[in-house]
Structure formats: structure tokens, C-alpha cells
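The figures that follow rest on heavy atoms only: side chains count, while hydrogens, waters and symmetry mates do not.
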Amino acid sequence: MNEKDLFEKNLLYSTEFSKYVLDHPEMEDQIPQDAQIFFLVDSDPSLTQKNLEFARSQKIQGQSVIFVHVKGLRPESSRLIEPHLENVA
């Protein structure tokens, strides 16, 4: 996995995790203010391995490291509510 892929995947998981925490504010209380967060994804062992390596190399003494374990992502779906088509031709 190249650095661009690693960045894009972690960005996607970070965005989805932020949405999840907004919907589940009780999770925010479990994350220390200065924590580094790393995603361990069951469906993407290569991302998990890279994030574990990165976590080990980036650990700062006294700083919390949080691993977010996830199975993966659901397929994206439309957020439209009951769309209807009207053919006017």
C-alpha cells in the first residue's frame, strides 16, 4: 500500500468515525484530549498492519494511543427520501 492509499483510507475512516462520534457523543468521553487515534479494520488487513506499525513508531511517551476496531464500512447509499421521477416529455 502506498502512502497516498494509506492517507485516503485513513481519511475516510476518520471522517466516518467523526460522524459516528457525533451520533454517539458518549464515545467522546472515552477519548483523551491528546490521543492519537488509529484504525484497525478487519476487512483491510493491510491497512491494519500499516496503522499498527505507524502507531508503534509515532508513540510519544505519556500520550494516549487509541485503537478503533471496526469490521469495515457499509456500502454508500443514497440519502434521498422517497424520490419520484416525472417524465414530462
Exercise. Quick one: does Ser64's side chain have a donor or acceptor within less than 3.5 Å of a partner on Pro32's backbone?
Worked result: no

Exercise. Is there a side-chain contact between Ile66 and Phe38 (heavy atoms, below 4.5 Å)?
Worked result: no

For this session: Could you check if a side-chain atom of Ile31 sits within less than 4.5 angstrom of a side-chain atom of Phe17, using non-hydrogen atoms only?
Result: yes

Exercise. Step by step, would you call Tyr13 with Thr15 a side-chain contact (heavy atoms from CB on, under 4.5 Å)?
Worked result: CA-CA 5 Å; Tyr13 279 99; Thr15 300; over 6 Å; no

For this session: Mind checking the OG1-CZ spacing from Thr48 to Phe67? Nearest 0.5 Å is all I need.
Result: 10.0 Å

Exercise. Looking at CD of Gln63 and CD of Gln33, how far apart are the two atoms once the value is rounded to the nearest 0.5 Å?
Worked result: 11.0 Å

Seminar exercise, completed: In short, Met1 meets Leu47 closest at the heavy-atom pair CE-N, 3.6 Å

Problem set entry | Backbone N/O of Leu6 and side chain of Asn10: donor-acceptor pair under 3.5 Å | yes

Exercise. Any side-chain heavy atom of His84 within less than 4.5 Å of one from Glu82?
Worked result: yes

Exercise. Side-chain contact, heavy-atom cut-off 4.5 Å: Val41 with Asn51?
Worked result: no

Problem set entry | Salt-bridge present (Glu16, Lys19; N to O < 4.0 Å) | yes

Exercise. Side chains of Leu22 and Met27: closer than 4.5 Å at any heavy-atom pair?
Worked result: no

Problem set entry | Leu40 side, atom CG; His69 side, atom NE2 - distance, nearest 0.5 Å | 5.0 Å

Exercise. Are Leu12 and Glu8 close enough that some pair of their side-chain heavy atoms sits under 4.5 Å apart?
Worked result: no

Problem set entry | pair Ile37-Val68: side-chain heavy atoms closer than 4.5 Å | yes

For this session: Quick one: do Gln58 and Gln36 satisfy side-chain hydrogen bond (donor to acceptor under 3.5 Å, both in side chains)? Show the steps, please.
Result: CA-CA 9 Å; Gln58 295 296 309; Gln36 292 190 58; 5.8 Å; no

Exercise. More than 12 non-hydrogen atoms from neighbouring residues, nucleotides or ligands closer than 6.0 Å to CD on Glu28, yes or no?
Worked result: no

For this session: Flag the pair Lys9 / Lys50 as yes when at least one side-chain heavy-atom distance between them is below 4.5 Å, and no otherwise.
Result: no

